[in-house]
Amino acid sequence: MRAYVFSEWTKKAEIKEVSIPTPGRGEVLIKIGGAGACHSDLHIMHEWTPETFPPAGGMKLPFTLGHENAGWIEAGDIPPGMEKGSAVVVSPTWSCGNCASCRAGATNYCEQDGVLTGGLGRDGGFADYMIAPAHTLVPISKIEPWQAAPLTDAGLTSYHAVKRCLPKLTPDTAVVVIGVGGLGHFAIEFLRELSAAKIIAIDRDENALKVAKDRGAGICLKSDETVPERVHEATSGLGAMVVMDFVGIDSTMLMATQIVRRRGEIIVVGMGGGVLPFQNGLIPYGCSLTYTLGGSTSELFEVVALAESGRIKPHIERFPLEDIDEVYERLHNNEISGRAVLVP
Ligand code: NAD
Ligand code: ZN
């Protein structure tokens, strides 16, 4: 079968011919129907090394990229209620199941070191087939695997971030989304459906701002030095109760501190490598700053329910697997709207 194998830090992956893997105990072989192209793969291929980004040190090379996966069950330890041919999405949290976080259902914050995920240290879904633990599968029935694949990361990660700040988003508040790409455009979908807060979108790209407007952002701002003033104008001088940064570079994190209000929350999801120096007065009083990772498998059931009910309609474009280099080139050049999905 074909697989997009990542073999060396700071070198792009390549499509290679490899053998179809055999599932072990508790594992299932999935015939891939679609795998989403995440910006994290650009960080992995071109920016990170175990020295510059220590968490990457846990990943043993080579492995097949692709951590946003959906398809059909082919063989293996098939979970009860599913059968060969059942359509599923693969949760990206391949957690240990035994630590306190896992037992609390927070599988994305598994405390066991060395539990790697398909596409992030273990073989992922830019291939004809992949292996996944049976406990990570969530059934889908009303949408196709290629449409569902982005729910597992772009959808799930932004949903988790939105859900944890929902209690703060009363109807008299505003929420800012910085970076309206794969993750950010999902965040706007969830905010529109789940909260009554005013949604403000910020991006450096006009097309992304158009996507934001179509998805329900009330105010769309080009990312520049006028942003703090314009956010304060739009919020009676108070600032936004929640700022979600889906870029995570120095300038966006600093911008977040300038537009968040007292008792507010900054959630940094983007892994752009930004550094935010901290001192008294840098963020408003009572404000907290969080860094989130993915979402739990139980939250993935909620995201699938929202997508299958038709209440969220993410912008997804599909491409054949053989176009993968071109898709990442376009993602790097900001020429992908919403999410691109590779279909073998
Ligand atoms: P993407 O390329 O699809 O979208 C990024 C968007 O940010 C684009 O619209 C781009 O125009 C915009 N942008 C870039 N620089 C900007 C700036 N200075 N100001 C405003 N907007 C700017 O990327 P994606 O796949 O949505 O991923 C976004 C980030 O989230 C990446 O860093 C990725 O690694 C990270 N990520 C984190 C997690 C997690 O669990 N924390 C999970 C998945 C992805
Ligand atoms: Zn990702």
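Given the structure is predicted, the values throughout are model-derived calculations rather than measurements.
The shortest distance between side-chain heavy atoms of Phe126 and Leu321 falls below 4.5 Å. The shortest distance between side-chain heavy atoms of Pro344 and Arg2 falls below 4.5 Å. Considering only heavy atoms from C-beta on, His232 stays 4.5 Å or farther from Leu238 through its side chain. Arg339 is not listed as a side-chain neighbour of Glu317, based on a closest heavy-atom distance of 4.5 Å or more. The closest side-chain heavy-atom distance from Asp325 to Ile15 is not below 4.5 Å. Taking 4.5 Å as the limit, every side-chain heavy atom of Trp48 sits out of range of all side-chain heavy atoms of Pro54. With a 4.5 Å cut-off on side-chain heavy atoms, Asp128 and Ile32 do not count as touching. In this structure the side chain of Val5 reaches within 4.5 angstrom of the side chain of Pro62, judged on heavy atoms.
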Going through the distances and angles, do Leu191 and Val177 end up as a side-chain contact (heavy atoms from CB on, under 4.5 Å)? CA-CA 10 Å; Leu191 288 165; Val177 173; 3.7 Å; yes

Problem - side-chain contact (heavy atoms from CB on, under 4.5 Å) between Val243 and Ile267, worked out - result: CA-CA 6 Å; Val243 180; Ile267 303 189; over 6 Å; no

Using the side chain to side chain donor-acceptor pair (under 3.5 Å) rule, take Thr152 and Glu68 through it: C-alpha gap first, then chi angles, then the decisive distance, then the call.
CA-CA 5 Å; Thr152 64; Glu68 254 186 21; 5.3 Å; no

Legend entry - Met82 and Leu137: CA distance, side-chain angles, deciding distance, side-chain contact (heavy atoms from CB on, under 4.5 Å) verdict: CA-CA 10 Å; Met82 299 186 194; Leu137 305 181; 4.1 Å; yes

**OP:** For Ile30 and Val28, run side-chain contact (heavy atoms from CB on, under 4.5 Å): C-alpha distance rounded to whole Å, both residues' side-chain angles, the deciding distance at 0.1 Å, then the answer.
**Re:** CA-CA 6 Å; Ile30 307 290; Val28 175; 3.8 Å; yes

| request: Kindly determine whether His39 and Tyr328 satisfy ring pair (Phe, Tyr, Trp, His ring centres under 6.0 Å), including the steps that lead there. | output: CA-CA 8 Å; His39 203 111; Tyr328 275 110; 9.0 Å; no

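Separation of atoms CE (Met244) and OG (Ser158) is listed at 8.5 Å; rounding is to 0.5 Å. Distance CZ/Phe278 to OG1/Thr257: 10.5 Å, rounded to 0.5 Å. In this structure, CD in Glu308 is found 10.0 Å from CD in Gln147, a value given to the nearest 0.5 Å. Here CD of Glu111 is found 11.5 Å from OG of Ser95. Values are rounded to the nearest 0.5 Å. Interatomic distance, Phe63 CZ to Leu120 CG, rounded to the nearest 0.5 Å: 6.5 Å. Interatomic distance, CD of Glu233 versus CD1 of Ile219, reported as 9.5 Å (0.5 Å rounding).
Shown here is Lys31, whose NZ atom has no more than 12 heavy atoms of other residues, nucleotides or ligands within 6.0 Å. Within 6.0 Å of atom NE2 in His332, 12 or fewer heavy atoms from other residues, nucleotides or ligands are found, so the atom counts as exposed in its surroundings. Heavy atoms from other residues, nucleotides or ligands lying under 6.0 Å from CG of Asp113 number 12 at most.
With sequence neighbours left out, Lys222 forms a side-chain hydrogen bond (donor to acceptor under 3.5 Å, both in side chains) with no residue at all.
Between Glu265 and Lys168 there is a salt bridge, since at least one side-chain N of the basic residue sits less than 4.0 Å from a carboxylate O of the acidic one. Arg311 has no carboxylate O lying under 4.0 Å from a charged side-chain N of Glu189, or vice versa, which leaves the two without a salt bridge. In summary, Glu27 and Arg122 engage in a salt bridge, as defined by a charged side-chain N under 4.0 Å from a carboxylate O.
In terms of modelled atom types and a separation under 3.5 Å, the side chain of Asp153 and the main chain of Pro150 share no donor-acceptor contact. The backbone N or O of Ala13 sits nowhere less than 3.5 Å from a side-chain atom of Lys16 that would complete a donor-acceptor pair. Side-chain atoms of Thr49 come within 3.5 Å of backbone atoms of Thr52 as a donor-acceptor pair (strictly under, hydrogens ignored). Side chain of Asn108 to backbone of Leu293: a donor-acceptor contact under 3.5 angstrom is found. The closest donor-acceptor contact from the side chain of Asp203 to the backbone of Leu209 lies at 3.5 Å or more, if one exists at all. For the pair Ser296 (side chain) and Thr107 (backbone), a donor-acceptor distance under 3.5 Å is absent. Side-chain atoms of Glu193 do not come within 3.5 Å of backbone N or O of Phe190 as any donor-acceptor pair. A distance-only check finds a donor-acceptor pair linking the side chain of Thr235 to the backbone of Val231 [under 3.5 Å]. Remark: the backbone N or O of Tyr285 is not paired with any side-chain donor or acceptor of Arg262 at under 3.5 angstrom. Between the side chain of Asp205 and the backbone N or O of Asn207, at least one donor-acceptor pair lies under 3.5 Å.
Among residues at least two apart or in separate chains, side chain to side chain donor-acceptor pair (under 3.5 Å) pairs with a member in residues 71-91 are Ser91-Thr93, Ser91-Thr297.
Annotation for Met1 and Pro21: closest pair CE-CD, 3.7 Å, computed over non-hydrogen atoms. Among all heavy-atom pairs drawn from Gly33 and Val343, the shortest one is O-CG1, 3.6 Å. Heavy atoms only, all atoms of each residue included: Pro228 and Ile259 are closest at CA-CG2, 3.6 Å. In terms of heavy atoms, Leu183 sits closest to Ala154 at CD1-CA, 3.6 Å. Here the closest non-hydrogen pair linking Trp94 and Ile131 is CH2-O, 3.2 Å. What you find for Ala127 and Thr64 is that their closest heavy atoms are CB-CG2, 4.3 Å.
Here the two rings, on Phe186 and Tyr159, have centers that are 6.0 Å apart or farther.
Cluster membership for Met130 and Val341, using ILVMFWY side-chain heavy atoms within less than 4.5 angstrom, is not shared. The cluster map of Ile, Leu, Val, Met, Phe, Trp and Tyr, joined by side-chain heavy atoms under 4.5 Å apart, puts Ile178 and Ile249 in the same cluster.
Screening Val211, Ile316, Asp214 against His185 for a side chain to side chain contact (heavy atoms under 4.5 Å, CB included) leaves a single residue, Val211.
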